[in-house]
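To start, the structure under review is shown below, and the notes come after it.
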Amino acid sequence: MKKRTSRKIIYVAILIIIILVSYGIIPLALNTSESSMHNGKSYYIYGNITGLITVNNKTFMTVNDYGNTIDVFYNGTAPATGSYVLVYGVYQSNILGGYIQARGVYKWYYTI
């Protein structure tokens with residue numbers, strides 16, 4: 001009986017480790033640099049919120065994506081300045097560069 005219980009604990013521990021490692025890798029695997037983005041296509045970016053303005057449930061934020069900054073517009077509220085987020089949205093280019101029209105902004109707690 002003890003041997004079965006020990007194996008179950010080991011299997012659960014391995015499963016938890018796999019889940020935690022997967023969670024930490026997701027932003028790195030999905031992140032796209034702005035230089036490789038194309039107008040009208042959907043992308044994920046991961047980074048630190050360095051600037052944030054929210055008015056009437058509409059948010060404009062600047063996300064530092066590993067030394068590069070990209071502007072993000074979001075119809076909703078976002079986590080506080082300094083938070084790390086995974087953003088999913090459509091890239092829109094303009095004369096001044098480009099921005100992401102976010103469909104989702106997810107607070108992310110860590111990466112590996």
Side-chain angles (χ1 to χ4, degrees):
M1 185 78 169
K2 278 188 172 187
K3 197 169 191 177
R4 274 191 184 158
T5 304
S6 296
R7 281 189 180 174
K8 286 180 183 178
I9 291 171
I10 290 171
Y11 292 145
V12 169
I14 290 170
L15 181 63
I16 290 170
I17 290 169
I18 290 170
I19 291 169
L20 291 173
V21 169
S22 298
Y23 179 88
I25 291 174
I26 287 172
L28 302 176
L30 295 178
N31 192 42
T32 306
S33 68
E34 186 177 4
S35 62
S36 63
M37 292 181 183
H38 300 286
N39 193 39
K41 302 284 184 177
S42 297
Y43 298 99
Y44 285 93
I45 59 166
Y46 172 77
N48 183 10
I49 298 175
T50 56
L52 178 71
I53 299 170
T54 301
V55 177
N56 292 334
N57 206 33
K58 305 235 185 278
T59 302
F60 168 76
M61 65 186 121
T62 304
V63 176
N64 185 336
D65 174 18
Y66 298 106
N68 301 312
T69 58
I70 187 163
D71 295 328
V72 176
F73 293 99
Y74 179 55
N75 291 323
T77 57
T81 301
S83 298
Y84 283 86
V85 291
L86 182 65
V87 176
Y88 175 71
V90 176
Y91 181 74
Q92 303 292 324
S93 61
N94 58 32
I95 296 171
L96 302 175
Y99 66 92
I100 296 286
Q101 179 61 56
R103 294 183 181 159
V105 176
Y106 312 99
K107 185 171 182 174
W108 215 261
Y109 295 96
Y110 72 91
T111 61
I112 294 178

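On a predicted model such as this, the values are computed, not experimentally measured, just so you know. We count residues from 1, following the sequence as given.
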Do you know which two heavy atoms are closest between [X] and [Y], and how far apart they sit?
| X | Y | result |
| --- | --- | --- |
| T111 | P27 | CG2-CG, 3.6 Å |
| S36 | T32 | OG-CG2, 3.4 Å |
| A102 | V87 | CB-CG1, 3.8 Å |
| V90 | S42 | CG2-OG, 3.7 Å |
| G98 | I70 | O-CG1, 4.4 Å |
| A78 | V105 | CB-CG1, 4.3 Å |

(request) Check the surroundings of atom OH in Y84: do more than 12 heavy atoms from other residues, nucleotides or ligands lie under 6.0 Å from it? (result)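 At most 12 heavy atoms, drawn from other residues, nucleotides or ligands, come within 6.0 Å of this atom.
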
(request) Would you sort out whether E34 and Y43 count as a side-chain hydrogen bond (donor to acceptor under 3.5 Å, both in side chains), showing the intermediate values? (result) CA-CA 9 Å; E34 186 177 4; Y43 298 99; over 6 Å; no

For the hydrophobic clusters of this structure (ILVMFWY residues joined by side-chain heavy atoms under 4.5 Å, transitively), does one cluster hold both [X] and [Y]?
| X | Y | value |
| --- | --- | --- |
| W108 | I25 | yes |
| M37 | Y74 | yes |
| I16 | I19 | no |
| Y88 | Y109 | yes |
| L20 | I14 | no |

(request) Could you please spell out the steps behind the side-chain contact (heavy atoms from CB on, under 4.5 Å) verdict for I45 and Y91? (result) CA-CA 10 Å; I45 59 166; Y91 181 74; over 6 Å; no

(message) Going by side-chain contact (heavy atoms from CB on, under 4.5 Å), name the residues that satisfy it together with D71, two or more places apart in sequence or in a different chain.
(response) F60, T62, Y99

(message) What's the separation between atom CG in N75 and atom CG in N56, rounded to the nearest 0.5 Å?
(response)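 Nearest 0.5 Å value for the CG-CG distance: 11.5 Å.
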
(message) Donor-acceptor check, side chain of N31 to backbone of Y46, threshold 3.5 angstrom: yes or no?
(response)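 The answer is yes, because a donor-acceptor pair under 3.5 Å joins these two groups.
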
(message) The test is side-chain contact (heavy atoms from CB on, under 4.5 Å); show your working for Q92 and N39 and say whether it passes.
(response) CA-CA 5 Å; Q92 303 292 324; N39 193 39; 3.8 Å; yes

(message) Do N57 and T77 make a side-chain contact, defined as non-hydrogen atoms from C-beta onward lying under 4.5 Å apart?
(response)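 Yes, their side chains come closer than 4.5 Å.
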
(request) Find out whether I53 and M61 are in side-chain contact, i.e. whether some heavy atom of one side chain is under 4.5 Å from a heavy atom of the other. (result)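 The answer is no; the side chains never approach within 4.5 Å.
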
(request) Compute the ring centroids of Y23 and Y110, then answer whether they are less than 6.0 Å apart. (result) yes

(message) Given V72, which partner from the list L52, I49, T59, V63 fulfils the side chain to side chain contact (heavy atoms under 4.5 Å, CB included) test?
(response)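 Option passing the side chain to side chain contact (heavy atoms under 4.5 Å, CB included) with V72: V63.
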
